[in-house]
Amino acid sequence: MAIKHFLQFSDFTLDEFDYVIERSRIIKRKFKNYEPHHTLLDRTLVMVFEKNSTRTRLSFEAGMHQLGGAAIYLNTRDSQLGRGEPVEDAAQVMSRMCDIIMVRTFGQDIIDRFAGHSRVPVINGLTNEHHPCQVLADVFTYIEHRGSIKDKTVAWIGDANNMLYSWLQAAQIFGFHVNVSTPKGYEIDQSLVASGNSNYTFFANPSDACAGADLVTTDVWTSMGYEEENAARLKAFDGWIVDAEKMKRANADALFMHCLPAHRGEEVAAEVIDGPQSVVWDEAENRLHVQKALLEYLVLGKLN
């Protein structure tokens, strides 16, 4: 059987996502009821970190333990990858010693090369170009609160970053629309968008992008690796804060999401992220549940 990887959102079909989301529901319910769910007993996850993390490490490590398996943390400071070992060689060795690997790194090409030489499934824990696990958790969170996301409108306010590119892929698969508003100079890189993707519309005015939205979402203005641009970005993104005025233009029952960490007063107002429409804590928790379903599916396939 061919190895299945999850390197970007478009790697799965709608049928596969429907299965993973249903398994996430089951796994979450069992978690809340303290029911053991040890489908990956004696299996091992290796987590490779080239970028720092809080939620990604915690959710994958806790999740693998809760599935009955073990999780091993490696970073480039204490592995040979940090000393110049070829990615291809590292993948060959690691994949002979474990059942599944999660990689959080910089360029998408790195994880593509790693997966190309791995004997076990590889999951993208974040790259500069894509963040599929987070968007999977976000879609699951929306469905949990509001039902089907098909034909809904998601407003993306801020940087054209890895989150946005995963949202655009999700829109094509699930059949929803993304209203995109990015400041001048921080627009979508068309090379990262599938040709023929008509599931998004660009708005120069962020407030207009929020009009009629079912979900408003954003991210920090300065992602990891771009810290030296922080001052310039703060100036360029002036006016792109998701505040109460913008939320008023969305539908009355619209949700607000943020993948965290958040900077109140920059990309989002405290009154929004801490307000009644915000589901950021459910969203953060749901990384645990969808990733457990993802780990289970990639290792075992569909279960009855």
Side-chain angles (χ1 to χ4, degrees), residues 1 3-9 11-12 16-17 19-79 81 90-105 111 114-115 118-127 130-141 259-260 281-303:
M1 189 176 82
I3 301 166
K4 183 81 184 177
H5 302 296
F6 189 56
L7 307 182
Q8 50 184 299
F9 208 89
D11 285 345
F12 279 20
E16 286 177 303
F17 280 120
Y19 171 80
V20 170
I21 284 169
E22 183 52 37
R23 289 300 292 178
S24 301
R25 277 200 193 100
I26 293 166
I27 286 168
K28 183 172 183 177
R29 188 185 70 238
K30 287 187 170 187
F31 175 81
K32 296 294 187 185
N33 291 328
Y34 299 97
E35 294 177 34
H37 184 78
H38 294 162
T39 49
L40 294 185
L41 193 66
D42 290 334
R43 302 297 186 111
T44 303
L45 162 70
V46 167
M47 308 180 297
V48 182
F49 285 88
E50 288 198 286
K51 280 191 171 187
N52 293 335
S53 166
T54 301
R55 280 153 290 275
T56 296
R57 178 179 176 180
L58 182 58
S59 55
F60 270 108
E61 193 164 333
M64 195 63 184
H65 285 302
Q66 290 164 17
L67 290 170
I72 297 170
Y73 171 81
L74 295 176
N75 64 48
T76 46
R77 292 185 299 279
D78 53 28
S79 70
L81 267 175
Q92 293 261 20
V93 173
M94 289 183 197
S95 64
R96 285 171 179 257
M97 298 184 183
C98 66
D99 302 283
I100 188 164
I101 300 169
M102 186 281 299
V103 179
R104 183 178 174 97
T105 187
I111 201 168
F114 193 102
S118 174
R119 293 159 55 129
V120 300
V122 176
I123 296 173
N124 180 353
L126 175 141
T127 60
H130 299 283
H131 199 357
C133 290
Q134 180 65 60
V135 172
L136 177 57
D138 293 359
V139 170
F140 175 69
T141 304
C259 62
L260 304 176
W281 313 122
D282 290 342
E283 177 191 5
E285 179 192 331
N286 283 337
R287 284 285 298 277
L288 173 70
H289 308 303
V290 299
Q291 286 166 190
K292 284 164 75 173
L294 185 62
L295 288 163
E296 185 187 78
Y297 173 62
L298 289 173
V299 174
L300 301 177
K302 289 187 178 180
L303 303 176

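Note that the structure is predicted; figures quoted are calculated from it, not measured. Only this structure's heavy atoms are used, side chains among them; waters, hydrogens and symmetry mates stay out.
- What you find for Phe60 and Cys133 is that their closest heavy atoms are CZ-SG, 3.9 Å.
- Heavy atoms only, all atoms of each residue included: Ala115 and His5 are closest at O-NE2, 3.4 Å.
- The shortest distance between side-chain heavy atoms of Phe114 and Thr105 does not fall below 4.5 Å.
- Taking each heavy atom of Thr141 and Ala137 in turn, the nearest pair found is OG1-O, 2.7 Å.
- Two residues are said to be in side-chain contact when any heavy atoms from C-beta on lie closer than 4.5 Å; Ser24 and Asn286 fail this criterion.
- Side-chain polar atoms of Tyr73 and Glu61 form no donor-acceptor pair below 3.5 angstrom.
- To the nearest 0.5 Å, atoms CG (Leu40) and CE (Met64) are separated by 4.5 Å.
- Atom CG of Leu294 is separated from atom CD1 of Ile21 by 11.5 Å, given to the nearest 0.5 angstrom.
- Aromatic rings from His289 and Phe140 are positioned such that their centres are separated by 6.0 Å or more.
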CA sep, side-chain torsions, deciding dist, call: Phe17, Val290, side-chain contact (heavy atoms from CB on, under 4.5 Å): CA-CA 10 Å; Phe17 280 120; Val290 299; over 6 Å; no
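- In this structure a side-chain-to-backbone donor-acceptor pair under 3.5 Å is missing from Lys28 to Leu288.
- Under the 4.5 Å side-chain criterion, counting only non-hydrogen atoms from C-beta, Leu295 is in contact with Ile123.
- Looking at heavy atoms from C-beta onward, Met94 lies out of side-chain contact with Ser118 at the 4.5 angstrom threshold.
- Here Ser53 contributes atom OG and Leu126 contributes atom CG; the two are 8.5 Å apart, rounded to the nearest 0.5 Å.
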Worked check of side-chain contact (heavy atoms from CB on, under 4.5 Å) between Met102 and Thr56: CA-CA 10 Å; Met102 186 281 299; Thr56 296; 4.0 Å; yes
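- Between Leu260 and Trp281 the shortest side-chain heavy-atom distance falls below 4.5 Å.
- In terms of heavy-atom proximity, Val122 sits nearest to Leu7 at O-CD2, 3.6 Å.
- Nearest heavy atoms, Asn124 versus Ile111: CA-CD1, 3.3 Å.
- With hydrogens and angles ignored, the 3.5 Å screen pairs a side-chain donor or acceptor of Arg104 with a backbone N or O of Asn52.
- Contact of the His37 side chain with the Leu67 side chain is registered, since non-hydrogen atoms from C-beta on lie closer than 4.5 Å.
- Remark: Glu283 does not engage Arg55 in a salt bridge, criterion side-chain N to carboxylate O under 4.0 Å.
- Taken to the nearest 0.5 Å, the NZ atom of Lys4 stands 12.5 Å off from the CD1 atom of Ile100.
- Checked options Glu16, Lys292, Lys302; the residue passing with Tyr297 is Glu16 (criterion: side chain to side chain donor-acceptor pair (under 3.5 Å)).
- Here the CG-CZ distance, from Leu298 to Phe12, works out to 4.5 Å after rounding to the nearest 0.5 Å.
- A donor-acceptor contact shorter than 3.5 Å links the side chain of Asp99 to the backbone of Thr44.
- Considering Arg43, Lys30, Arg23 as possible partners of Glu296, the one that fulfils the salt bridge (charged side-chain N to carboxylate O under 4.0 Å, His left out) test is Arg23.
- How far NE2 of His131 is from CZ of Phe9: 12.5 Å, rounded to the nearest 0.5 Å.
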